[in-house]
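Here is the structure we will look at.
For this chain, numbers begin at 1 and follow the sequence in order. Here the structure is a predicted model, which is why all the values come from computation and not from measurement.
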Amino acid sequence: MDKEMHFCQSCGMPLTDEVLGTNADGSKNEEYCIYCFKDGAFTGDFTMEEMIEFCSQFVEQYNKDSGQNLTQDEYKAMLRQYFPNLKRWSTPTDQLPHANSPLKQKFIDEVNALNIPDMPVIDNLFVLKGSFINLEYKMNGNTFSILDKEKSYWGTQVEKQNSDGRCYGIACDEKYILVSEYGKDGADAEVVVLKRR
């Protein structure tokens with residue numbers, strides 16, 4: 001018999017074992033996804049409307065998965081009906097874990113302290129799956145990657161200042177900080193900093 005489908009009680013995405021959030025002790029959280037909940041705290045301090053706005057950008061993925069053909073505005077209207085039933089938005093905020101993992105601010109401070117030329121100041125990080133941000137680098141004719149596809153990382157992408165479209169990508173976990181530079185779609189990726197914490 002199929003296991004009953006559960007959904008993240010913050011963003012509504014289907015919960016599979018690969019995307020379960022984590023509690024403060026590192027155990028899996030059965031109510032929230034890793035993008036919304038990591039290390040026992042929400043990954044961002046959103047209002048319900050801000051979460052709807054954020055989720056609405058994935059309408060094409062929703063249409064593909066559901067066989068529907070909603071516009072972004074129709075999808076937002078549907079989320080406005082659905083979200084008030086989710087635990088995060090139906091529970092008084094003082095009864096929920098605080099937003100923003102303490103580790104997140106630490107990573108932001110450590111990345112900014114690297115003083116990388118032409119990198120803007122980082123003011124936010126998001127939880128990203130290793131499989132989504134794992135780039136390939138070339139060195140001495142060999143190709144290698146650094147991140148674990150199965151893990152999740154605090155990270156972001158920012159455009160390099162004074163450059164023609166190249167970006168910096170940041171990925172942090174408890175052991176390392178990785179800053180890469182690359183072109184469109186991760187092309188010509190280079191390691192700028194790989195620092196043990």
In one Ile/Leu/Val/Met/Phe/Trp/Tyr side-chain cluster, 4.5 Å: [X], [Y]:
{"X": "L96", "Y": "M48", "answer": "no"}
{"X": "I146", "Y": "I116", "answer": "no"}
{"X": "I34", "Y": "F126", "answer": "no"}
{"X": "L114", "Y": "I108", "answer": "yes"}
{"X": "I170", "Y": "I133", "answer": "no"}

Counting N and O atoms only, with roles assigned by atom type, does the side chain of [X] sit under 3.5 Å from a partner on the main chain of [Y], one being a donor and the other an acceptor?
{"X": "S27", "Y": "N23", "value": "no"}
{"X": "N112", "Y": "I122", "value": "yes"}
{"X": "S145", "Y": "E136", "value": "no"}
{"X": "Y35", "Y": "K129", "value": "no"}
{"X": "D118", "Y": "K160", "value": "no"}
{"X": "D148", "Y": "E150", "value": "yes"}

Starting at [atom1] of [X], measure out to [atom2] of [Y] and round the result to the nearest 0.5 Å.
{"X": "F7", "Y": "E31", "atom1": "CZ", "atom2": "CD", "result": "15.0 Å"}
{"X": "E110", "Y": "Q105", "atom1": "CD", "atom2": "CD", "result": "10.5 Å"}
{"X": "K184", "Y": "D164", "atom1": "NZ", "atom2": "CG", "result": "13.5 Å"}
{"X": "N134", "Y": "L128", "atom1": "CG", "atom2": "CG", "result": "12.0 Å"}
{"X": "T22", "Y": "D39", "atom1": "OG1", "atom2": "CG", "result": "4.5 Å"}
{"X": "Y153", "Y": "F107", "atom1": "OH", "atom2": "CZ", "result": "11.0 Å"}

Counting only heavy atoms not in [X], do more than 12 fall under 6.0 Å of its [atom1]?
{"X": "Q95", "atom1": "CD", "result": "yes"}
{"X": "F132", "atom1": "CZ", "result": "no"}
{"X": "K28", "atom1": "NZ", "result": "yes"}
{"X": "Q57", "atom1": "CD", "result": "yes"}
{"X": "E60", "atom1": "CD", "result": "no"}

Nearest heavy-atom neighbours spanning [X] and [Y]:
{"X": "C33", "Y": "C8", "value": "N-SG, 3.3 Å"}
{"X": "S90", "Y": "P84", "value": "CB-O, 3.3 Å"}
{"X": "N69", "Y": "E74", "value": "O-OE1, 4.1 Å"}
{"X": "A171", "Y": "L147", "value": "CB-CD1, 4.0 Å"}
{"X": "A189", "Y": "L135", "value": "CB-CD1, 4.0 Å"}
{"X": "P120", "Y": "E159", "value": "CD-O, 3.5 Å"}

| Under 3.5 Å, is there a donor-acceptor pair linking the side chains of T71 and D73? | no
| task | Applying side-chain contact (heavy atoms from CB on, under 4.5 Å), run through S152 and K38 and close with a yes or a no. | result | CA-CA 9 Å; S152 58; K38 183 169 164 60; 3.6 Å; yes
With a 4.5 Å limit on heavy-atom distance, are the side chains of [X] and [Y] in contact?
{"X": "T43", "Y": "F37", "value": "no"}
{"X": "F46", "Y": "W89", "value": "yes"}
{"X": "E30", "Y": "L15", "value": "no"}
{"X": "S131", "Y": "E18", "value": "no"}
{"X": "F83", "Y": "S10", "value": "no"}
{"X": "K104", "Y": "N124", "value": "yes"}
{"X": "Y182", "Y": "Q157", "value": "yes"}
{"X": "L79", "Y": "M51", "value": "no"}

| Can you say whether the rings of F144 and Y137 are parallel (under 30°), tilted (30 to 60°) or perpendicular (over 60°)? | tilted
| message | Can you confirm if the NZ or CZ of R88 lies within 45° of the ring axis of F42 and under 6.0 Å from the centre of its six-membered ring? | response | yes
| field | Non-neighbouring partners of Y168 that pass ring pair (Phe, Tyr, Trp, His ring centres under 6.0 Å), sequence neighbours left out | value | none
| task | Go through the steps to decide whether Y32 and K87 satisfy the test side-chain contact (heavy atoms from CB on, under 4.5 Å), and finish with yes or no. | result | CA-CA 10 Å; Y32 298 106; K87 182 175 178 179; 3.7 Å; yes
| request: Show your reasoning for whether side-chain contact (heavy atoms from CB on, under 4.5 Å) applies to W154 and V127. | output: CA-CA 5 Å; W154 286 103; V127 176; 3.7 Å; yes
| request: Walk me through it: do V111 and M119 pass the test side-chain contact (heavy atoms from CB on, under 4.5 Å)? | output: CA-CA 10 Å; V111 169; M119 187 168 87; 3.6 Å; yes
